[in-house]
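See below for the structure under consideration.
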Amino acid sequence: MERCFNTEGRCNPMEHYMVSLDSRLDSIKRLFVDRGKYFAINRGRQYGKTTMLMALAKYLQADYFVLATDFQLIGTEEFAEDAAFVRAFVRLLIKAVHRWDFPKDGKLKALLEELSDTSKKRTLGELFVLLSGICEHAYKPVVLLVDETDSASNNQVFIDFLSQLRGYYLDRENSPIFHSVILAGVYDIKNLKLKIRRESEHQYNSPWNIAADFDIDMSFSAEEISVMLEEYKKERKCGIDANKAAKEIYAYTFGYPYLVSAICKFLDESLPGRKGFETIESVWTKKGVVQAVDNLLKKRIPLFESMARQLDAYKDLHDVLEQIIYEGKRIPFSPAERAINLGMMFSYLKEENGRIVMANRMFEMYLLNLFITQESLKSQSFACGERDRNQFITGGRLNMELVLKKFVIHFHEIYGDSDEKFAEEYGRRFFLLYLKPIINGTGNYYLEAQTRDARRTDVIVDYAGEQFIIEMKIWHGNEYNERGRQQLSEYLDYYHQPKGYLLSFSFNQKKEPGVKRIQVGEKTIIEAVV
């Protein structure tokens with residue numbers, strides 16, 4: 001059977017192209033399981049947690065008895081009270097035990113038969129006494145893996161289950177129990193606790209405070225993606241540049257597992273044969289990756305829909321993301337800050353050099369589109385862009401210089417009396433709102449994280465195979481402006497572009513609003529001043 005790229009459910013290396021997990025599995029076993037750690041694997045939606053957990057269960061079998069369970073197989077009503085949960089949990093354990101290779105007689109056999117007797121109505125405490133006996137008599141250490149712990153998120157019985165794990169963990173010298181316990185889900189255990197407690201209660205007194213910090217990087221590097229694509233290249237007998245394609249995919253995804261697979265799946269299955277992509281070599285290029293990204297951003301995929309729901313549920317998280325994306329704010333990293341903690345937990349944000357940044361370019365592009373769509377109905381800038389859009393496309397190509405000229409006119413007409421504080425907060429936002437309807441359907445844009453700050457933001461626009469680099473900045477004097485031109489010129493070298501665009505929001509009384517061409521070395525800069 002020919003392998004493919006998979007975005008539905010867990011991946012199997014016999015059926016799917018995958019990044020190798022061997023180094024991560026070895027690290028988890030050596031640093032956590034072998035040392036008897038209890039820990040949680042918390043990552044965002046579709047981050048490969050289930051694939052990792054099932055691969056880990058298989059990887060550990062030689063040295064451990066593994067009880068691999070999945071809480072999404074327990075119904076809502078079975079979380080209602082102890083006895084129902086115990087019966088459901090035992091059902092999962094028995095299924096896992098059937099994979100063990102153990103003697104068919106002796107004390108362990110008797111205990112497992114006792115466990116299998118579901119006619120008995122047991123409490124959680126009684127279940128753990130039985131599990132302690134099984135762990136004591138098993139001739140290999142027992143490891144418990146629980147996937148989809150989010151399924152238990154609003155149930156007190158799950159908190160009681162965690163309390164039993166904690167109690168036995170602290171008394172392991174006297175009461176044998178699982179050698180290691182791994183829980184996997186989106187929410188960390190503190191936040192599971194937070195969701196079911198009254199607001200007046202202490203929110204962070206979690207029974208899972210025994211857990212070790214799980215710091216294994218589960219995202220894929222460009223090198224790992226390249227190795228996967230080399231396998232694809234060999235099996236498909238094609239001449240793609242796997243290394244170059246991997247770098248382009250990584251630039252948009254930063255190795256987020258689902259996004260990597262989704263782009264590869266589109267390139268493999270949907271793009272070949274379209275105009276400009278007649279050969280497989282022409283598909284696995286920067287132009288092809290841009291097409292794949294554009295396609296994904298337009299689709300209703302669960303990952304993005306989940307993101308939109310989380311932003312509706314957590315207004316403070318919405319506000320932080322908006323500040324980072326729209327205003328270029330540099331927000332210091334603090335795990336104690338609720339919005340930052342949520343953003344990190346959902347894998348929308350990451351820490352970089354002591355500050356919070358977006359986790360990847362595609363999340364940023366999706367959120368930028370979402371925020372602009374939400375704001376478009378009441379935005380005069382968006383309405384102007386919608387009205388003007390047919391003027392800017394000639395022969396399928398975008399005239400960015402004309403876009404800037406028209407924006408200068410509209411900004412002066414609508415916001416000319418505004419002050420500098422207004423421009424710092426809203427100027428860049430209004431340009432993005434103006435630009436959106438012009439490129440909508442054919443192009444996309446994103447903000448370059450490496451250069452974004454309170455004074456300066458670079459916008460990268462991809463339109464019909466062309467790329468436009470636009471620097472937006474607040475005017476801070478002629479010397480600063482000259483440095484801005486030089487920085488843009490250097491940035492154009494990085495992107496191999498001969499022409500760039502500079503949009504300055506100036507409140508200098510002697511300013512001359514308008515657009516002019518400036519030559520900086522071999523680079524042409526179209527400078528617009530509003």
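Each residue takes its place number in the sequence, starting with 1.
Once rounded to the nearest 0.5 Å, the distance linking CG of L229 with CG of N243 reads 9.5 Å. Here L435 contributes atom CG and R389 contributes atom CZ; the two are 13.0 Å apart, rounded to the nearest 0.5 Å. Interatomic distance, C264 SG to H16 NE2, rounded to the nearest 0.5 Å: 13.5 Å. To the nearest 0.5 angstrom, I325 atom CD1 is 11.0 Å from F363 atom CZ. With values rounded to the nearest 0.5 angstrom, L503 atom CG is found 9.5 Å from E471 atom CD. The line from NE2 of H496 to CG of D493 is 8.5 Å long, rounded to the nearest 0.5 Å.
Residue R397 places its CZ atom among 12 or fewer non-hydrogen atoms of other residues, nucleotides or ligands, all under 6.0 Å distant. Counting heavy-atom neighbours within 6.0 Å of D312 CG, excluding the residue itself, gives a total above 12. Within 6.0 Å of the CD atom in E269, the count of heavy atoms belonging to other residues, nucleotides or ligands exceeds 12. Surrounding NZ of K244 are at most 12 heavy atoms belonging to other residues, nucleotides or ligands under 6.0 Å away.
Q310 places no side-chain N or O within 3.5 Å of a backbone atom of M307 that could act as its donor or acceptor partner. Checking side-chain atoms of K436 against main-chain N and O of E386 turns up no donor-acceptor pair under 3.5 Å. Proximity of a side-chain donor or acceptor of Q72 to a complementary backbone N or O of D70 within less than 3.5 Å is not detected. The backbone N or O of I439 sits nowhere less than 3.5 Å from a side-chain atom of T442 that would complete a donor-acceptor pair. Side-chain N or O atoms of D22 include none that pairs as donor or acceptor with a backbone N or O of L25 at under 3.5 Å. For E337 (side chain) and I340 (main-chain N/O), no donor-acceptor pair under 3.5 Å exists by modelled atom type. Under a 3.5 Å cut-off, the side chain of K523 and the backbone N or O of Q497 do form a donor-acceptor pair.
The aromatic rings of F214 and F32 lie tilted to each other, with the angle between the two planes from 30° to 60°. The aromatic rings of Y17 and Y232 lie perpendicular to each other, with more than 60° between the two planes, well past the 30° mark. W284 and F5 have tilted rings, their planes meeting at an angle from 30° to 60° on a 0 to 90° scale. In this pair, Y348 and F346 present their aromatic rings tilted. The plane angle is within the 30 to 60° band. Below 30°, between 30° and 60°, or above 60°: for Y434 and F407 the angle between ring planes is between 30° and 60°, a tilted geometry.
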Exercise. Between E527 and R485, is a salt bridge (charged side-chain N to carboxylate O under 4.0 Å, His left out) present by the stated rule, with each step listed?
Worked result: CA-CA 9 Å; E527 182 172 14; R485 293 171 181 171; 2.7 Å; yes
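For H410 and F430, the distance between ring centers is not under 6.0 angstrom. F505 has its ring centre less than 6.0 Å from the ring centre of F411.
For the residue pair E466 and L398, the shortest heavy atom distance occurs at OE1-N, 4.4 Å. Taking all atoms of both residues into account, the shortest heavy-atom contact from A222 to A246 is O-CB, 3.5 Å. Between L404 and A528, the closest heavy-atom pair is CB-CB, 4.0 Å. Residues I263 and A292 approach most closely at CG2-CB, 3.9 Å, considering heavy atoms.
A salt bridge is defined here as a Lys NZ or Arg NE, NH1 or NH2 lying under 4.0 Å from an Asp or Glu carboxylate O, and R24 with D217 fails to meet this definition. Using a 4.0 Å cut-off between charged side-chain N and carboxylate O, R429 and E375 make a salt bridge. Between E235 and R3, at least one side-chain N (NZ, or NE/NH1/NH2) sits under 4.0 Å from a carboxylate O, which counts as a salt bridge. The pair K233-D241 fails the salt-bridge criterion, with no side-chain N (NZ, NE, NH1 or NH2) lying under 4.0 Å from an Asp/Glu carboxylate O. Here R338 pairs with D316 in a salt bridge; the nearest charged N to carboxylate O distance falls below 4.0 Å.
The side chain to side chain contact (heavy atoms under 4.5 Å, CB included) test with N360 is passed by exactly one of Y250, Y366, Y256: Y256. Here the options are D294, L296, L297, L370, the test is side chain to side chain contact (heavy atoms under 4.5 Å, CB included), and the partner is M365; only L297 passes.
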